[in-house]
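Below you'll find the structure, written out as structure tokens, and then a few comments.
The analysis underlying the following values was restricted to heavy atoms, covering all of them including side chains, and did not include hydrogens, waters or symmetry mates. A note on names: the letters A, B, ... follow the listed sequences, proteins ahead of strands, and every chain is numbered from 1.
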Amino acid sequence: MTKKDNSKFTTMKNIVSLCKRRGFIFQSSEIYGGLRSCYDYGPLGVELKKNVKEEWWKSMVHRRDDIVGLDCSIIMHPKVWEASGHLSGFTDPLVDCRNCKERFRADHAPVVSAGTEVEYKEGGKSKGKKITAIVGEQGYVCPNCGSCDLSDERLFNLMFRTNMGVVDPTQEIANRIDDLAKLDKDERRAELSKMIAKSAVYLRPETAQGMFVNFLNITQSSRVKLPFGIAQMGKSYRNEVTPGNLTFRTCEFEQMEMEFFVKPGEDDEWYKYWHKERYNWYLNLGISKERLRMRDHDEDELAHYAKGCADVEYFFPFENADGEGEWAELEGVANRTDYDLKKHSEHSGKNLLYFDQDTGEKFTPYVIEPAAGADRATLAFLCDAYCEEEIKEGDVRTVLKFDPRLAPIKAAVFPLVKKDGMPEKATDIHKELLAAGINSQYDQAGAVGRRYRRMDEVGTPWCITVDGDTNEGKGVTVRERDSMEQERIPVEGIVDYVKDRMLKTD
RNA sequence: GCGGGCGUAGCUCAAUGGUAGAGCACCACCUUGCCAAGGUGGAUGUCGAGGGUUCGAAUCUCUUCGCCCGCUCCA
């Protein structure tokens, strides 16, 4: 039975329920009522995510000699965000429509010059009473209902701001509160911003800038030659307007990003290369082909600096209006051109050119960036692994068909029954697996069939059972998760058996 | 943030304003000799949180927090 056959059984509700029940993902601060958009990885979740990250690091850094690793601080110099455009670009004025309650971006609204008479329906409903009004100074109308009854434009900063230093900015604000009260609203806000900005720092909204600002350090310390890449995994933070779908969209999230520097002119070729490479990474780790696709961005969808961009998308079992699931982005592969290095060169005044020893040329490299979400990848592997299989009439088992490399627990050891020295023998084997660095679990509770099912539910690939023949030198049985078939192998060969099977990647 | 739906045991869900329940899961012992639902016993809830109405609130009401769906944004 393939995973695809079971897709109709999977809903996000089942995944969330399993995650909580078995300790993959919990809501943050749950005993206090939970915190919006924040989640904790439980004992099994942390193993799964760690395995995903490890596979990414191996494929990006350890198995290649043209990419080096990096781990930057989350808080960086505020000028980094000025240069990258995040400080301004993350600040979009939003407007609420008082008529239909829609919120929209002022710069995306239909332009209607002030003084023009417009008609729209009350409440934005087609049956609503007709209203005629004159457009005010704002010079645009609601994109949803056409109303000009709008709130002021308001700023929403999408970066997390905090302050560094022992003196809190509220002290200065308190000292100057009387002066501030005399100013008008805009002036007051500008003054306050100035006071806060003195000590303001930001949590990074992406890890990428760390690679760009360390470009010089790395070229000078690591003897790298074009084309080469810098890879980094780590937490990033964004005030998302609408988080949701478990760990898919959260304000705190972990990225796996790599900036690949190439000679201008060779960028298209490398873009295609990473396009393919990144798609295959997911497939190789067992994601169903039917639920994975590459989607090229339309021209108008591209960021202003990007020459090309494609998303690796997974068909998640999110419940939407159609009730059918939804294609959603796991990773973006973008050609960022020389935009970032040039911007940082301008703002820092440092020379970030690459000197080609062979040709004697100096130029700013182009950058191809595969930027993946570690939490999203983890969630995709979890959703894709989830199956409910009908073994026989009325007997359904829940099984997570993880690739063994990703499985949180690699092997479980059981005594067939709790007597005749079987628990002791099984414990010895379990300890031997642990000593070999294989994450193993021992279980003797209940019937053996139930123990197999328990392990199916958390995706353990192999269950090793000690039976009456084991002590007669006839070895143990190994039961394979997906096929449920068993084979008998010698006790001495168990560690090697598990190790061999884990290395098998196809 | 706005609109709609929802919050009861670990999970799925019951319970006319009148003593909080079931199934599964869990723990112990027995049984079990290779694929869940066998026997006996056991633990479990400030009914999401905080106010209000009432003799009495899981139930009515207000506020708040969280989740799901739509709008918007993105890895």
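Among the atoms of the strands shown, only primed sugar atoms or phosphate atoms (P, OP1, OP2) are found under 4.0 Å from some heavy atom of A:L246. At the heavy-atom level, A:K20 lies under 4.0 Å from the strands shown only through sugar-phosphate atoms. Contacts of A:K419 with the nucleic acid, taken as non-hydrogen atoms under 4.0 Å apart, include base atoms. Residue contacts for A:G332: at a heavy-atom cut-off of 4.0 Å it reaches the sugar-phosphate backbone alone, with no base atom in range. Residue A:D375 is out of contact with every strand shown, counting any heavy-atom pair closer than 4.0 Å. A:L18 comes within 4.0 angstrom of no nucleic acid atom, judged by non-hydrogen atoms across all strands. At the heavy-atom level, A:M422 lies under 4.0 Å from base atoms of the strands shown. Here A:S37 lies in heavy-atom contact (under 4.0 Å) with sugar-phosphate atoms only. Counting non-hydrogen atoms under 4.0 angstrom, A:F248 reaches a base of the nucleic acid.
Whole-Å rounding puts the A:F316 CZ to B:C74 C1' distance at 14 Å. Rounded to a whole Å, the CD atom of A:E457 is 13 Å from the P atom of B:U12. In this structure, CD of A:Q27 is placed 14 Å from C1' of B:C6, rounded to the nearest angstrom. Atom CG of A:L44 is separated from atom P of B:G10 by 19 Å (rounded to the nearest Å). One interatomic measurement links the two molecules: CZ of A:R36 to C1' of B:C68, which rounds to 14 Å at whole-angstrom precision.
Remark: the A:R249 side chain and the B:C74 base include a donor-acceptor N/O pair separated by less than 3.5 Å.
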Heavy-atom protein contacts under 4.0 Å, nucleotides 34-49 of chain B, coded B base, S sugar-phosphate only, - none: BBBS------------
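Here the separation of B:A14 from B:U53, taken at their P atoms, is 31 Å to the nearest Å. As rounded to the nearest Å, B:U40 and B:A49 have P atoms that lie 35 Å from one another. Distance check on atom P: B:G56 versus B:G18 gives 14 Å, rounded to whole Å. B:U12 and B:A25 are spaced 11 Å apart, taking the C1' atom of each and rounding to whole Å. Remark: the separation of the P atoms in B:A58 and B:U16 is 14 Å, to the nearest Å. Separating the P atom of B:G7 from that of B:U59 is a span of 12 Å, rounded to the nearest Å. Spacing of C1' atoms, B:A9 relative to B:C71, comes out at 37 Å, to the nearest Å. Comparing B:U8 with B:C60, their P atoms are spaced 15 Å from each other, to the whole Å.
Between A:E30 and A:K20 there is a salt bridge, since a side-chain N of the basic residue sits under 4.0 Å from a carboxylate O of the acidic one. With respect to A:K235 and A:E254, no salt bridge is recorded, no charged nitrogen being found less than 4.0 Å from a carboxylate O. Between A:E457 and A:R21 a salt bridge is recorded (basic side-chain N to carboxylate O distance below 4.0 Å).
Residue A:N245 places at least one side-chain N or O under 4.0 Å from the OP1 or OP2 atom of B:C69. Contact annotation: A:K13 side-chain N/O to B:C13 OP1/OP2 distance is under 4.0 Å.
Figure legend: cation-pi geometry between A:R278 and A:W281, with NZ or CZ positioned under 6.0 Å from the six-membered ring centre and within 45° of its axis.
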